[in-house]
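Only one structure is covered here, and it is reproduced in the block below.
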Amino acid sequence: MLNEAANRAARATLVAARNLFRQRRRALLAMLIICGGVVTFVLAGGFIHWLLDNMRESTIHSQLGHIQVIRPGYFKKGLGDPYSYLLPSGTEAVSAQPPQGMVTITPRLSFNGLLSSGDNTISFMGEGIDPEREALVGRSIRIVAGSNLDGTNDNTVLVGRGLAANVGVQPGDTVVLLATTAEGGLNAVELTVAGLFGTTVKAYDDAALRVPIETARKLMRVEGATSWVVLLERTADTDAALASLKARLPANEFEPIPWYDLADFYNKTAELFTRQVGVVRILIALIVVLSISNTLSMAVVERTGEIGTAMALGVRRAGILRMFLTEGALLGVIGGAVGVGLGFLLATAISAVGIPMPPPPGMETGFTGRISVPPTLAWEAFQLAFATTLLASILPAWKASRMNIVNALRHQR
């Protein structure tokens with residue numbers, strides 16, 4: 001029974017293929033429409049996928065890390081009083097039994113105050129960091145002038161490019177940091193600017209600076225850290241590592257937070273781009289449906305006599321319906337496969353050359369874009385081609401199956 005059904009399906013597919021390509025020009029036009037839509041979707045979706053992937057990794061490796069371990073409630077209540085939510089100085093609670101795929105864990109101490117140079121004074125957001133460990137986490141931070149913190153000199157500071165421009169300092173200049181200590185008093189420290197840095201977020205560069213964590217502790221007169229930043233080998237392992245940390249760390253003492261709960265700018269950008277891809281998908285679907293529906297409707301009109309003959313020989317209306325639906329499905333399968341292949345080849349060629357891009361909003365430097373086509377995007381493009389052509393063939397197939405046999409046989413006589 002199964003073999004007979006398979007044989008019937010194969011014969012029906014073969015007949016549909018022969019019918020489809022009897023009019024080669026019309027079939028070729030339909031293929032071009034489908035392939036053009038699929039290639040457009042692959043290229044647009046591939047560029048946005050690369051852009052979001054690059055932005056995600058830059059956000060993780062310049063600011064957030066993959067997971068941040070904090071005291072419970074720190075991000076909700078502790079920003080106004082961070083020193084009531086300090087973690088221990090050492091990270092042994094995590095590093096003693098690290099989650100699978102962990103590269104490093106580094107402490108950070110957040111603080112703020114005033115930065116002075118000469119007659120210029122401006123507020124800043126500061127982070128005390130471990131320079132050696134942070135070199136792994138913050139590899140997306142670009143040193144635009146001078147050098148990075150190296151851990152050998154605690155009397156240095158790394159200043160954001162925008163903040164340095166606002167206060168008028170360059171590498172080698174001396175600055176003074178003034179801050180309120182944990183006890184409520186004032187404390188100051190004189191530091192030498194080691195270098196200027198830039199990240200993917202201009203607002204961060206305009207307000208941030210970094211110092212060795214021991215310098216930050218002396219300035220604030222505290223011990224410990226406001227957060228521990230965990231870096232993993234792969235971003236895809238974030239959820240598994242997060243579950244491992246939550247299962248092992250006491251919930252009343254530690255709260256692991258994944259990067260995607262902290263990356264507000266990235267999340268909003270990803271949502272916007274996802275909507276744009278959705279609009280492209282809808283437009284392509286409409287173009288394909290209207291074009292293929294018109295093409296198949298013309299085929300039905302031209303084959304009216306053939307349809308009447310088939311009905312007179314005993315082919316049921318359901319058989320006529322299946323025949324035209326099969327032709328539409330074949331158009332979708334062939335057009336989708338060819339379109340995905342062409343899209344992948346074009347994406348590879350364009351990526352080899354690169355796409356010069358101007359600075360996006362919130363950034364000061366441009367970049368060279370690429371097109372990345374993951375398997376999920378290729379499958380979505382193929383599904384788009386198949387679903388739209390199958391949908392477009394429903395109305396012509398239904399009209400063909402509802403023809404009156406006598407009128408169909410008299411057609412063009």
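For Phe273, the ring-ring contact (aromatic ring centres under 6.0 Å, His included) criterion is met by no residue, not counting sequence neighbours. Residues satisfying the ring-ring contact (aromatic ring centres under 6.0 Å, His included) test with Phe124, not counting sequence neighbours, are Phe111. For Asp154, there are no side chain to side chain donor-acceptor pair (under 3.5 Å) partners, not counting sequence neighbours. By the side chain to side chain donor-acceptor pair (under 3.5 Å) test, Glu271 pairs with Arg275, sequence neighbours left out.
Asp261 contributes no side-chain N or O that, together with a main-chain N or O of Ile257, makes up a donor-acceptor pair within less than 3.5 Å. Between the side chain of Thr368 and the main chain of Gly354, no donor-acceptor pair closer than 3.5 Å is present. Side chain of Asp206 to main chain of Ala203: no donor-acceptor pair is present (N/O by atom type, distance under 3.5 Å, no hydrogens or angles). When atom types are taken as modelled, the side chain of Arg71 and the backbone of Leu86 share a donor-acceptor pair closer than 3.5 angstrom. Looking at Ser351, its side chain does come within 3.5 Å of a backbone N or O of Ile371 through a donor-acceptor pair. Looking at Thr181, its side chain does come within 3.5 Å of a backbone N or O of Gly185 through a donor-acceptor pair. No donor-acceptor pair under 3.5 Å is formed between the side chain of Ser116 and the backbone N or O of Ile122. Side-chain atoms of Thr388 come within 3.5 Å of backbone N or O of Leu384 as a donor-acceptor pair. At least one donor-acceptor pair closer than 3.5 Å links the side chain of Arg217 to the backbone N or O of Gly224.
In plain terms, the two heavy atoms of Gly65 and Val229 that are nearest each other are CA-CG1, 3.6 Å. Considering every non-hydrogen atom in both Glu183 and Met220, the closest pair reads OE1-O, 4.4 Å. Nearest heavy atoms, Pro256 versus Ile67: CB-CG2, 4.0 Å. Contact detail for Ala381 and Val340: the closest heavy-atom pair is CB-CG2, 4.0 Å. Here the shortest heavy-atom pairing between Ala182 and Val222 reads CB-CG1, 3.3 Å. Counting all heavy atoms, side chain and backbone alike, Val144 lies closest to Gly198 at CG1-N, 4.3 Å.
Note that the OG1 atom of Thr40 and the CD1 atom of Ile287 stand 8.0 Å from one another [nearest 0.5 Å]. Note that the CG atom of Leu377 and the CG atom of Leu43 stand 9.5 Å from one another [nearest 0.5 Å]. Atom CE of residue Met125 and atom CZ of residue Arg210 lie 11.0 Å apart, to the nearest 0.5 angstrom. Note: Asp53 CG to Arg370 CZ = 13.5 Å, rounded to the nearest 0.5 Å. Taking CG of Leu191 as the reference point, atom CG of Asn155 lies at 6.0 Å (rounded to 0.5 Å). From Phe254, atom CZ reaches atom CG of Leu87 across 6.5 Å, with rounding to the nearest 0.5 Å.
Residue pairs satisfying the side chain to side chain donor-acceptor pair (under 3.5 Å) criterion with at least one member in residues 185-198, sequence neighbours excluded, are absent. Applying the side chain to side chain donor-acceptor pair (under 3.5 Å) definition to pairs two or more places apart or across chains, none involves residues 244-258.
Put simply, the side chain of Ile394 reaches to within 4.5 Å of the side chain of Leu325, judged on heavy atoms. At a threshold of 4.5 Å between non-hydrogen side-chain atoms, the residues Ser227 and Val69 do not count as touching. Looking at heavy atoms from C-beta onward, Val38 lies out of side-chain contact with Phe382 at the 4.5 angstrom threshold. Between Ile284 and Phe41 there is a side-chain heavy-atom pair separated by less than 4.5 Å. The closest side-chain heavy-atom distance from Asn148 to Leu158 is below 4.5 Å. Counting only heavy atoms from C-beta outward, the side chains of Glu223 and Pro88 never approach each other to under 4.5 Å. Proximity of Phe75 to Gln68: side-chain heavy atoms (C-beta onward) are separated by under 4.5 Å at one or more points. The closest side-chain heavy-atom distance from Val94 to Leu245 is below 4.5 Å.
Residue Phe344 places its CZ atom among 12 or fewer non-hydrogen atoms of other residues, nucleotides or ligands, all under 6.0 Å distant. By the 6.0 Å contact criterion, CD on Gln100 is open, its count of non-hydrogen atoms from other residues, nucleotides or ligands being 12 or less. Open room surrounds CD on Gln97; 12 or fewer heavy atoms of other groups in view lie less than 6.0 Å from it.
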> Could you go step by step and tell me if Met102 and Val230 meet the side-chain contact (heavy atoms from CB on, under 4.5 Å) rule?
Replying inline: CA-CA 7 Å; Met102 189 181 85; Val230 177; 3.7 Å; yes
> Could you go step by step and tell me if Ile105 and Leu231 meet the side-chain contact (heavy atoms from CB on, under 4.5 Å) rule?
Replying inline: CA-CA 6 Å; Ile105 178 171; Leu231 179 69; over 6 Å; no
> When you look at Arg56 and Tyr266, which way does the side-chain contact (heavy atoms from CB on, under 4.5 Å) test go after all the steps?
Replying inline: CA-CA 7 Å; Arg56 179 195 67 196; Tyr266 169 83; 3.5 Å; yes
> Given Val103 and Leu232, is the side-chain contact (heavy atoms from CB on, under 4.5 Å) satisfied, shown in steps?
Replying inline: CA-CA 5 Å; Val103 175; Leu232 305 174; 5.7 Å; no
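Using cut-offs of 30° and 60° on the angle between ring planes, the pair His61 and His66 is perpendicular.
A side chain to side chain donor-acceptor pair (under 3.5 Å) with Tyr260 is found for exactly one of Asp239, Thr59, Asn267, Thr235, namely Asp239.
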